[in-house]
Amino acid sequence: MLLFLLRRLGAGVVLVWVIATLTFFLTSLTGSDPARRILGPTAGLDQVAAKTAELGLDRPVLERYWDWLTGALRGDLGTSWFTNAPVGGLIGDALPVSLSLVIAATVLTAAVSIALGVVAAVRGGWLDGLLQTISTVAFAVPNFLVGLLLSLVFAVELGLFPALGYTPLAEDPGAWLASIALPAIALAIGAIATVATQTRGSMIDVLQQDYVRTLRSRGLPARSVLLKHALRNAAPASLTVLSLQFIALISGAVVIEKVFGLNGLGERATSAAGQGDVPLVLGIVVVAVVVVVVVNLVVDLALGWLNPKVRIA
């Protein structure tokens, strides 16, 4: 198991390096003039040249890449070109917002989708058909539209939740939960439809296996057969889909953060990309890939715990 973890960790490190390197060189080949963009169209040529030298853009690209890479390995992601603030600080302020939103949406997705999938697989009939219909509709509706509707009804009309803004968890847990409730629901709708459908299919396959019929014939309680045996064997497929949905939720959070006025990584990323703030873009890319690698590692561990064949492999 330790060798398995080391291999996964090594692959994750290589992935982070490859993605960061590609992003660095792609942003260096855009042909734009960051110094001119920072100073504005009225700046003189001498001012632009001085700003270019200050940013280090007059140096060879490989030299700039090496300086950035060695700095990143020390934990220094550079300084924003437009705010002169450390990139690490800007990301550190925004990361808790995005993680709160995505984790809350993932927990909601797991709880609701597994319950719906299991009930649909066990009960079948009209309930199964209803789940299929709801899943199709939920998957087709854009999450930003769901967010706008939730905000209009529950925040503006009923006043049950704040329409905009984010409250840190350490400051007020109740206000924190209220500030991410609607965004998390809006973000999770499509993921719930996908994971619930996968859970339903996996449970139907498992419930048709011979060992399940054998357990039932021996008189084991239906709840025990369902939860201890069938659900555990159906969980790996659902967990894999849930991990993929977590990655999709990270990208989907960009739009939801805009709708609810949350200053998370999505807002930082769109602003930095629009301005051409390369150090901030690179920092966000690195942090996002690290989060994805960590999530995949956790999922691999969970799959190993659920399925002994994975541990042996």
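All heavy atoms count here, side chains included; hydrogens, waters and symmetry mates do not. Positions are given from 1 along the sequence.
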Open item on the list: Quick check for you: to the nearest 0.5 Å, what is the distance between L187 atom CG and L249 atom CG?
Closed with: 4.5 Å
Task: Atom of F260, atom of G147 and distance for their closest heavy-atom approach - done: CZ-O, 3.4 Å
Open item on the list: A quick test of your reading: do over 12 heavy atoms of other residues, nucleotides or ligands sit less than 6.0 Å from CZ of F82?
Closed with: yes
Open item on the list: How long is the straight-line distance from OG of S271 back to CG of L280, given to the nearest 0.5 Å?
Closed with: 8.5 Å
- [ ] For residues P96 and Y166, report the shortest heavy-atom separation together with the two atoms involved.
- [x] O-OH, 3.8 Å
Task: Spacing of CG belonging to L101 relative to OG1 belonging to T106, to within rounding of 0.5 Å - done: 9.0 Å
TODO: Quick one: pull up CG in L242 and OG in S113 and give me the separation to the nearest 0.5 Å.
DONE: 6.5 Å
TODO: Answer yes or no: is there a donor N or O on one side and an acceptor on the other, between the side chain of T199 and the main chain of V195, under 3.5 Å?
DONE: yes
Open item on the list: Using a 3.5 Å distance criterion without hydrogens, assess whether the side chain of S151 forms a donor-acceptor pair with backbone atoms of L148.
Closed with: no
Task: Single hit among L77, T83, D277, L95 for side chain to side chain contact (heavy atoms under 4.5 Å, CB included) with L90 - done: T83
Task: For the student: nearest non-hydrogen atoms of L282 and A20, plus distance - done: CD2-O, 4.1 Å
Open item on the list: Quick one, L62 and F25 - any side-chain contact, counting heavy atoms below 4.5 Å?
Closed with: yes
Task: Flag, side chain of Q198 to backbone of V241, donor-acceptor distance under 3.5 Å - done: no
- [ ] Start with the C-alpha distance between F161 and V153, add both sets of side-chain angles, then the distance that settles side-chain contact (heavy atoms from CB on, under 4.5 Å), and finish with yes or no.
- [x] CA-CA 10 Å; F161 299 93; V153 175; over 6 Å; no
- [ ] Using the rule that two of Ile, Leu, Val, Met, Phe, Trp, Tyr join whenever any of their side-chain heavy atoms come within less than 4.5 Å, decide whether I189 and V255 are in one cluster.
- [x] yes
Task: Linked, directly or transitively: V278 and V61 (ILVMFWY side chains, under 4.5 Å) - done: yes
- [ ] Could you pull out the closest heavy-atom pair between L150 and A186, with the gap in Å?
- [x] CD1-N, 3.8 Å
- [ ] Answer whether the closest heavy-atom distance between the side chains of V291 and F246 falls below 4.5 Å.
- [x] yes
Task: Point-to-point distance, once rounded to the nearest 0.5 Å, from CG of N263 to NZ of K258 - done: 8.5 Å
TODO: Output the distance between atom CZ (R200) and atom CG (D205), rounded to the nearest 0.5 Å.
DONE: 9.5 Å
TODO: Could you walk me through whether I284 and I91 pass the side-chain contact (heavy atoms from CB on, under 4.5 Å) test, one step at a time?
DONE: CA-CA 7 Å; I284 292 174; I91 295 176; 4.2 Å; yes
Open item on the list: Quick check against the 3.5 Å criterion: does S98 have a side-chain atom that pairs as donor or acceptor with the backbone of L265?
Closed with: yes
TODO: Apply side-chain contact (heavy atoms from CB on, under 4.5 Å) to W176 and I180, showing your working.
DONE: CA-CA 6 Å; W176 167 80; I180 67 167; 3.4 Å; yes
Open item on the list: Can you give me the closest heavy-atom contact between E257 and E267, atom names plus distance?
Closed with: OE1-N, 3.2 Å
Open item on the list: If hydrophobic clusters are built by linking Ile, Leu, Val, Met, Phe, Trp and Tyr wherever their side-chain heavy atoms come under 4.5 Å apart, do V294 and I19 end up in the same one?
Closed with: yes
Open item on the list: Applying a strict under-4.5 Å side-chain criterion to I, L, V, M, F, W and Y, I'd like to know whether L164 and L182 cluster together.
Closed with: no
- [ ] Report yes or no: do L262 and F144 belong to one cluster of Ile/Leu/Val/Met/Phe/Trp/Tyr joined by side chain heavy-atom distances under 4.5 Å?
- [x] yes
- [ ] Could you walk me through whether I103 and V107 pass the side-chain contact (heavy atoms from CB on, under 4.5 Å) test, one step at a time?
- [x] CA-CA 6 Å; I103 291 175; V107 171; 4.3 Å; yes
Open item on the list: To check you understand the geometry: which heavy-atom pair defines the closest contact between A105 and A184, and what is its length?
Closed with: CB-O, 3.7 Å
